[in-house]
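Notes for the one structure printed next.
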Amino acid sequence: MIQIEDMQLAAALLREPSLSAAARSLDVTPPALSMRLRKLEATLGLSLATRTARRLSLTAEGERFAREAAALLAQIEGLRESMQRDDRRLTGTLRIAAPFGYGRQYVAPMLARFARLHPGLHLQFDLRETPWPDRHDADAIIHIGTVRDSSWVARTLSANERWLCASPAYLRVHGTPRVPRDAMAHACIVIRENDEDVTLWHVRRAAKPGTSPSSAVKAGARETLRIAPAFVTNDGSVARQWAEQGMGLVLRSEWDAADAIARGSLVRVLADWQFDSAPVTLLVPVRKGRTARVQALIGFLEESFGASPDASGL
């Protein structure tokens, strides 16, 4: 007979990138996990996974079993929740993912407050370079930047402009760009993220308050710059630190640059121009089957960010 522990094992192998990670998520040792897997295969009379010296991967039958097991576990959890709704207490596990820097600096303190409001809830908070629901197992994702095609529902929590910045020392030596094309003659620091073309910058002049509609149209004309980067990194904090150390210009999210500008270690340049923004977005599953835990998190984050309801379907 298939036990609930067997379904949890299969779901963990589908969710986690390695056997050792699956063992950690189930709080068992890798040898114990391997033994349980062999027993499950014997019970089913199927090979669920192929093993090499370096990795374990699910077979087609193993992936099917794991996906159906994960769905059944979700139904069981949903049944438990439905029996507990009368007392308004949240229990169970809520899995949230966010990018490293933003997640560490902003999301983690918010989740600490959320946890205090719901002491019966177990939070699992994963910091990832590029969290995305199509590739990772999570109940909710905080995403920075444009949302690519996804079946999940997206909700903008904060606008988060991108600011072009440099250190005062760099600007004293190399001068301050007056128009966007001036930046092409400067040392530029870029952040390599996802599959984005990070050397292509889009910018438009911001319309000033009180300008006429015709002037606003002219102000909003967009320019495209092809930057030849002097320095490249895949870590936003490193890019900001390099800029603070006088290595060049950096195009950085408002959330990350604001403190450095307030300290005076960075100066915002081309402030009359707007670069493509990188909105802070909450991604959650479609409404059907959404748990009370996720619904509570949505309300909490909306209140924390000051977001007002829109037509996103949340």
Side-chain angles (χ1 to χ4, degrees), residues 98-106 127-130 143-148 156 158-209 211 215-281:
F100 283 106
Y102 190 82
R104 191 180 297 115
Q105 186 170 339
Y106 288 94
L127 296 177
R128 301 165 179 166
E129 184 178 349
T130 53
H143 177 73
I144 307 292
T146 303
V147 174
R148 302 186 306 275
T156 299
S158 178
N160 187 39
E161 293 183 18
R162 281 191 175 112
W163 292 348
L164 189 63
C165 307
S167 71
Y170 176 88
L171 296 176
R172 281 195 299 270
V173 174
H174 300 280
T176 301
R178 302 299 177 188
V179 295
R181 293 203 170 274
D182 290 348
M184 299 174 69
H186 284 261
C188 293
I189 304 164
V190 302
I191 304 156
R192 186 178 62 251
E193 295 178 307
N194 307 325
D195 297 322
E196 295 179 13
D197 188 347
V198 295
T199 66
L200 198 64
W201 291 357
H202 301 291
V203 60
R204 64 183 182 275
R205 184 180 286 278
K208 295 181 180 179
T211 55
S215 298
V217 170
K218 183 177 180 181
R222 182 159 138 155
E223 293 187 32
T224 300
L225 308 178
R226 174 65 71 179
I227 300 300
F231 307 100
V232 180
T233 177
N234 69 337
D235 187 278
S237 296
V238 169
R240 188 200 68 247
Q241 291 166 14
W242 281 354
E244 291 180 88
Q245 292 161 8
M247 293 172 63
L249 304 176
V250 68
L251 187 60
R252 196 69 191 111
S253 285
E254 174 185 352
W255 71 263
D256 188 44
D259 285 347
I261 290 173
R263 293 193 307 268
S265 59
L266 284 180
V267 175
R268 186 181 176 190
V269 300
L270 298 177
D272 291 336
W273 295 80
Q274 291 181 336
F275 291 81
D276 284 348
S277 65
V280 181
T281 304

Exercise for review: Could you walk me through whether Arg226 and Leu200 pass side chain to side chain contact (heavy atoms under 4.5 Å, CB included), step by step?
Suggested key: CA-CA 5 Å; Arg226 174 65 71 179; Leu200 198 64; 3.6 Å; yes
Check your understanding: Does Tyr170 offer a backbone N or O that forms a donor-acceptor pair with the side chain of Ser167 under 3.5 Å?
Key -> yes
Practice item. Kindly assign one of parallel, tilted or perpendicular to the pair Trp201 and Phe275, based on the angle between their ring planes and the thresholds 30° and 60°. Key: perpendicular
Review point. Would you call Asp259 and Arg240 a salt bridge, taking side-chain N to carboxylate O under 4.0 Å as the test?
Key: no
**Study point:** Nearest-0.5 Å distance, NE2 of residue His186 to NE2 of residue His174
**Key:** 8.5 Å
Review point. At their closest point, which heavy atom of Leu127 faces which heavy atom of Pro99, and how far apart are they?
Key: CD2-O, 3.7 Å
Revision key, fill the gap. Tightest non-hydrogen contact, residues Cys165 and Val269, listed as N-CG2, 4.4 Å
Point to revise | Taking every non-hydrogen atom, the tightest pair across Leu270 and Pro177 | key: CD2-O, 3.6 Å
Review point. Distance from Asp276 atom CG to Glu161 atom CD, nearest 0.5 Å?
Key: 11.0 Å
Check your understanding: Do you know the tightest heavy-atom contact between Trp163 and Glu254?
Key -> CZ2-CG, 3.4 Å
Review point. Can you check side chain to side chain contact (heavy atoms under 4.5 Å, CB included) on Ile261 and Arg252, steps first, answer last?
Key: CA-CA 11 Å; Ile261 290 173; Arg252 196 69 191 111; over 6 Å; no
Practice item. Locate the shortest heavy-atom distance separating Ile191 from Ala239; write the atom from each residue and the value. Key: CG1-CB, 3.6 Å
Point to revise | Value rounded to 0.5 Å, distance of OG1 in Thr233 from CD1 in Ile189 | key: 9.5 Å
Study note, to complete from the structure: When every non-hydrogen atom of Arg192 is compared with those of Val198, the smallest separation belongs to CA-CG1, 4.0 Å
Check your understanding: Got a donor-acceptor contact below 3.5 angstrom from the Tyr102 side chain to the Trp255 backbone?
Key -> no
Exercise for review: Kindly determine whether Val203 and Arg222 satisfy side chain to side chain contact (heavy atoms under 4.5 Å, CB included), including the steps that lead there.
Suggested key: CA-CA 6 Å; Val203 60; Arg222 182 159 138 155; over 6 Å; no
Review point. Is it true that Asp182 and Arg178 make a salt bridge, defined as a side-chain N closer than 4.0 Å to a carboxylate O?
Key: no
